[in-house]
Enquirer: 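My questions will all concern the structure given below.
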Amino acid sequence: MLYLGLDTLYEDEPHHQILFADDYRKNVTEIQNERTVSQDMSVYVRNSSVTDPLVAPAGHSNLYVLVPTINTRHEVDWPGMQAAYRDKVLDRIEAQTGMSDLRGRIVEERMITPQNWREDGSIFMGATFNLKHTLNQLLYLRPHNRYSRFRNLYLTGGGTHPGSGLPTIYESVRI
Ligand SMILES: Cc1cc2nc3c(=O)[nH]c(=O)nc-3n(C[C@H](O)[C@H](O)[C@H](O)COP(=O)(O)OP(=O)(O)OC[C@H]3O[C@@H](n4cnc5c(N)ncnc54)[C@H](O)[C@@H]3O)c2cc1C
């Protein structure tokens, strides 16, 4: 994940855009196999300043960039590769959007890898979206909110019924 502070606003770029991998099937397979960090990655870019100018100082804007990738079950040298990976992601954005001079407009930057999520955020395997969204782990088939053995123990959050993402997590709390 990248948070970027820019000294410009890309007014013609939309709030949300998704740049799909050239070979999307391969990209998803690599993520699901949990071993390969896709070099042909998909990228979500959020340019929220076009909608709400208050999220950055006047004349500036922010971008939030999310690249779906693998968890930390199998060792990946994130510290060793993250600079090169960041460059690849920026290459893709510069080539496929109207932000062709993006690198030169960055004034603030923060990158968070799965290893950072694990170590700095105490997120199990750095998997911020928790269990896979496969059919056998979705909705009713996710771990239930009332623990089966101790009936006065309740589980909430993205790893439980009904699933990850804030609206669903609030539902788990409500249940
Ligand atoms: C980059 C990104 C973008 C996202 N975008 C969206 C979005 O647009 N919309 C949306 O709905 N969802 C989004 N999500 C998903 C959503 O943020 C998560 O599903 C949600 O935050 C998970 O909430 P949770 O309470 O289950 O777990 P968490 O928010 O991970 O909370 C678990 C807490 O437990 C703490 N903890 C861990 N171990 C221990 C321990 N042993 N003792 C005490 N505390 C511990 C952790 O530090 C953490 O604070 C996004 C997630 C990410 C990472």
Side-chain angles (χ1 to χ4, degrees), residues 1-6 10 13-21 24 27-28 30-32 34 37-38 41-56 61-74 76 78-79 81-83 85-90 92-93 97 99 102 106 108-150 152-175:
M1 200 196 92
L2 288 170
Y3 280 127
L4 303 176
L6 310 180
Y10 291 108
E13 293 299 307
H15 185 116
H16 299 289
Q17 55 187 315
I18 297 174
L19 315 177
F20 284 100
Y24 185 57
N27 176 220
V28 171
E30 286 174 342
I31 294 171
Q32 299 231 327
E34 301 181 339
V37 176
S38 295
M41 72 290 280
S42 299
V43 183
Y44 164 73
V45 185
R46 190 203 60 198
N47 179 30
S48 58
S49 298
V50 287
T51 310
D52 181 357
L54 297 180
V55 297
S61 67
N62 74 61
L63 290 187
Y64 156 64
V65 177
L66 183 65
V67 178
T69 191
I70 59 175
N71 61 33
T72 64
R73 188 193 306 274
H74 305 287
V76 168
W78 278 109
M81 63 173 268
Q82 72 182 72
Y85 202 66
R86 169 226 183 243
D87 280 338
K88 273 207 150 157
V89 171
L90 294 181
R92 179 155 291 219
I93 298 172
T97 72
M99 301 181 248
L102 176 60
I106 298 171
E108 294 288 343
E109 177 168 349
R110 184 174 174 206
M111 180 171 179
I112 305 178
T113 69
Q115 189 172 329
N116 298 138
W117 287 117
R118 184 185 69 194
E119 291 168 10
D120 307 333
S122 303
I123 308 289
F124 184 62
M125 288 193 208
T128 50
F129 293 91
N130 220 286
L131 298 175
K132 282 183 189 172
H133 293 119
T134 47
L135 274 181
N136 59 354
Q137 295 189 153
L138 276 178
L139 300 168
Y140 185 79
L141 299 176
R142 254 173 146 72
H144 289 192
N145 305 103
R146 192 174 190 187
Y147 197 64
S148 55
R149 276 201 251 158
F150 303 107
N152 57 349
L153 179 61
Y154 293 83
L155 308 173
T156 65
T160 65
H161 172 75
S164 60
L166 298 184
T168 34
I169 289 170
Y170 287 133
E171 274 304 290
S172 82
V173 177
R174 192 181 64 79
I175 292 164

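Each ligand, and each atom within it, is numbered from 1 in the order the structure gives.
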Enquirer: Let me check something: any side-chain donor-acceptor pairs from residues 167-175 under 3.5 Å, sequence neighbours excluded? List them with distances.
Expert:
{"residue": "Thr168", "atom": "OG1", "partner": "Gly163", "partner atom": "O", "Å": "3.3"}
{"residue": "Thr168", "atom": "OG1", "partner": "Ser164", "partner atom": "O", "Å": "2.7"}
{"residue": "Thr168", "atom": "OG1", "partner": "Gly165", "partner atom": "O", "Å": "2.8"}
{"residue": "Glu171", "atom": "OE1", "partner": "Arg174", "partner atom": "NE", "Å": "3.2"}
{"residue": "Glu171", "atom": "OE1", "partner": "Arg174", "partner atom": "NH2", "Å": "2.8"}
{"residue": "Glu171", "atom": "OE2", "partner": "Arg174", "partner atom": "NE", "Å": "3.1"}
{"residue": "Ser172", "atom": "OG", "partner": "Gly157", "partner atom": "N", "Å": "3.1"}
{"residue": "Ser172", "atom": "OG", "partner": "Ile169", "partner atom": "O", "Å": "2.8"}

Enquirer: List the residues meeting side chain to side chain donor-acceptor pair (under 3.5 Å) with Thr134, not counting sequence neighbours, and say none if there are none.
Expert: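 Checked Thr134 against side chain to side chain donor-acceptor pair (under 3.5 Å); matches are Asn136.
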
Enquirer: Mark yes when over 12 heavy atoms from residues, nucleotides or ligands other than Glu108 sit less than 6.0 Å from its CD; otherwise mark no.
Expert: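 No, the 6.0 Å shell around CD holds no more than 12 heavy atoms from other groups.
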
Enquirer: Please determine which of Val65, Leu66, Ile18 meets the side chain to side chain contact (heavy atoms under 4.5 Å, CB included) test together with Val43.
Expert: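 Going through Val65, Leu66, Ile18 one by one, the side chain to side chain contact (heavy atoms under 4.5 Å, CB included) with Val43 is satisfied by Val65 alone.
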
Enquirer: Measure the acute angle between the ring planes of Tyr24 and Phe20, then classify it against the limits of 30° and 60° as parallel, tilted or perpendicular.
Expert: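 Perpendicular, since the angle between the ring planes exceeds 60°.
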
Enquirer: Measure from every N or O atom of ligand 1 to the protein's N or O atoms and keep only the pairs below 3.5 Å, writing each with atom names and distance to 0.1 Å.
Expert:
{"residue": "ligand 1", "atom": "11 (O)", "partner": "Leu166", "partner atom": "N", "Å": "2.7"}
{"residue": "ligand 1", "atom": "19 (O)", "partner": "Gly165", "partner atom": "N", "Å": "3.1"}
{"residue": "ligand 1", "atom": "26 (O)", "partner": "Gly158", "partner atom": "N", "Å": "2.6"}
{"residue": "ligand 1", "atom": "47 (O)", "partner": "Gly121", "partner atom": "O", "Å": "3.0"}

Enquirer: Test of understanding: with side chain to side chain donor-acceptor pair (under 3.5 Å), list the residues that count as partners of Arg142, not counting sequence neighbours.
Expert: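 Here no residue qualifies.
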
